[in-house]
Number of protein chains: 2
Amino acid sequence: MPAATQLTDVLKTLADPTRRAVFERIAREGEIAATGLVQGSKVSQPAVSQHLRALRDAGLVAERREGRHIHYRIAPKGLGPLIDWLGHYETFWAERFANLERLLKESE
Amino acid sequence: MPAATQLTDVLKTLADPTRRAVFERIAREGEIAATGLVQGSKVSQPAVSQHLRALRDAGLVAERREGRHIHYRIAPKGLGPLIDWLGHYETFWAERFANLERLLKESE
DNA sequence: CAATCATATAAGCAATTGCTTATATATTTT
DNA sequence: AAAATATATAAGCAATTGCTTATATGATTG
């Protein structure tokens, strides 16, 4: 797949607030089953399922089946296209980047 | 405006390939008038104008009027919400982040 | 196997999106 | 002021999106 297409998919996938909330919750929990995501969600089970499909298709999450549960986790490489693209704009956000750099250092 | 709304706007705005191409061209050129953007574009003048409006509304570009031309440039802070959001996922892309870090160092 | 639980898919629908053509608004030039 | 140039807005339309309800598939339990 062309890199631009992958980037478009990642951006489109994360652009929807509901879907992004699902992604963020998976990140927070580390690993969580679809059932858990449906609980405490504003939308229906099919809606969550459709968002999970979109996230998976975009390469943003990975799944692990365990019995009748499917556990989702963040796919580390998923944000790659976005980060690579942002890399082209370093010069514009060098200052902010420096802050992230500091945070990273501190967390080591 | 809530931070989440701003992020959603930035993501939605960049998610469209045509509009993102406009943004990238502005970044490449440094500064360019709308006319210049229309030339060599696949879409019509109104389409470009609409994309420019969206980019401006999202805070991604700034404009400077000069006679009857309007020159566009990247708004450095525009990508801020996106970069801040990605900051929460440092741990997932620390390796890739390190590369960006090195690039930044080299460019100093 | 039958019932149950977890997840996915199908179908339909209102809302949004990105484009077009046509027209309006600024700004400059003659 | 009239004509030309640069940009924006309006209106309309096909395509896409995100949701719903209803149903199907997968997997476990009794």
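Both backbone and side-chain heavy atoms feed into the values below; hydrogens, waters and symmetry mates do not. Lettering of chains follows the sequences in order, A, B, ..., and the numbering in each one begins at 1.
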Produce the list of close N/O pairs, under 3.5 Å, pairing protein atoms with atoms of nucleotides 8-10 of chain C; give distances to one decimal.
from: C:dA8; atom 1: OP1; to: A:Y72; atom 2: OH; distance (Å): 3.0
from: C:dA8; atom 1: OP2; to: A:S49; atom 2: OG; distance (Å): 2.9
from: C:dA8; atom 1: N7; to: A:Q45; atom 2: NE2; distance (Å): 2.8
from: C:dA8; atom 1: N6; to: A:Q45; atom 2: OE1; distance (Å): 3.1
from: C:dT9; atom 1: OP2; to: A:R53; atom 2: NE; distance (Å): 3.4

So does A:S44 get a side-chain nitrogen or oxygen closer than 4.0 Å to the phosphate oxygens (OP1/OP2) of D:dC19?
no
What is the distance, rounded to the nearest whole Å, between atom CZ of A:R68 and atom C1' of C:dA6?
7 Å
Would B:Q6 and B:W85 count as having a side-chain donor-acceptor pair, cut-off 3.5 Å?
no
Ignoring the backbone of B:K12, work out which of C:dA26, C:dT17, D:dC19 is nearest its side chain.
C:dT17
Can you tell me the distance, in whole Å, between the CD atom of A:Q39 and the P atom of C:dC5?
13 Å
Report the C-alpha distance between A:L7 and A:L82 in whole Å, list the side-chain angles of each, state the deciding distance to 0.1 Å, and finish with yes or no for side-chain contact (heavy atoms from CB on, under 4.5 Å).
CA-CA 6 Å; A:L7 175 58; A:L82 181 49; 4.2 Å; yes
Expressed in angstrom and rounded to an integer, what is the separation of B:E66 atom CD from C:dT27 atom P?
14 Å
Rounding to a whole Å, what distance do you find between B:L37:CG and D:dA8:P?
10 Å
Which residue, A:V43 or A:G67, contacts DNA chain D at a nucleotide closer to its 5' end, judged by nearest heavy atom?
A:V43
Let me know the distance between CG of B:D9 and C1' of C:dT17, rounded to the nearest Å.
14 Å
Side chains of B:K42 and B:T18 in contact at under 4.5 Å (non-hydrogen atoms):
no
How close or far is atom C1' of D:dA6 from atom CZ of B:R65, stated in whole angstroms?
8 Å
Expressed in angstrom and rounded to an integer, what is the separation of B:H69 atom NE2 from D:dA4 atom P?
17 Å
Would you please test A:T8 and B:R20 for side-chain contact (heavy atoms from CB on, under 4.5 Å) and show each step?
CA-CA 9 Å; A:T8 297; B:R20 198 171 63 246; 2.9 Å; yes
Distance check needed: C:dT17 P versus B:L55 CG, whole Å only.
14 Å
When rounded to the nearest 0.5 angstrom, what distance separates NE2 in A:H88 from CZ in B:R28?
10.5 Å
Could you walk me through whether B:V22 and B:L52 pass side-chain contact (heavy atoms from CB on, under 4.5 Å), step by step?
CA-CA 8 Å; B:V22 171; B:L52 288 171; 3.9 Å; yes
Could you tell me if the side chain of B:T13 sits less than 4.5 Å from the side chain of B:D57, heavy atoms only?
no
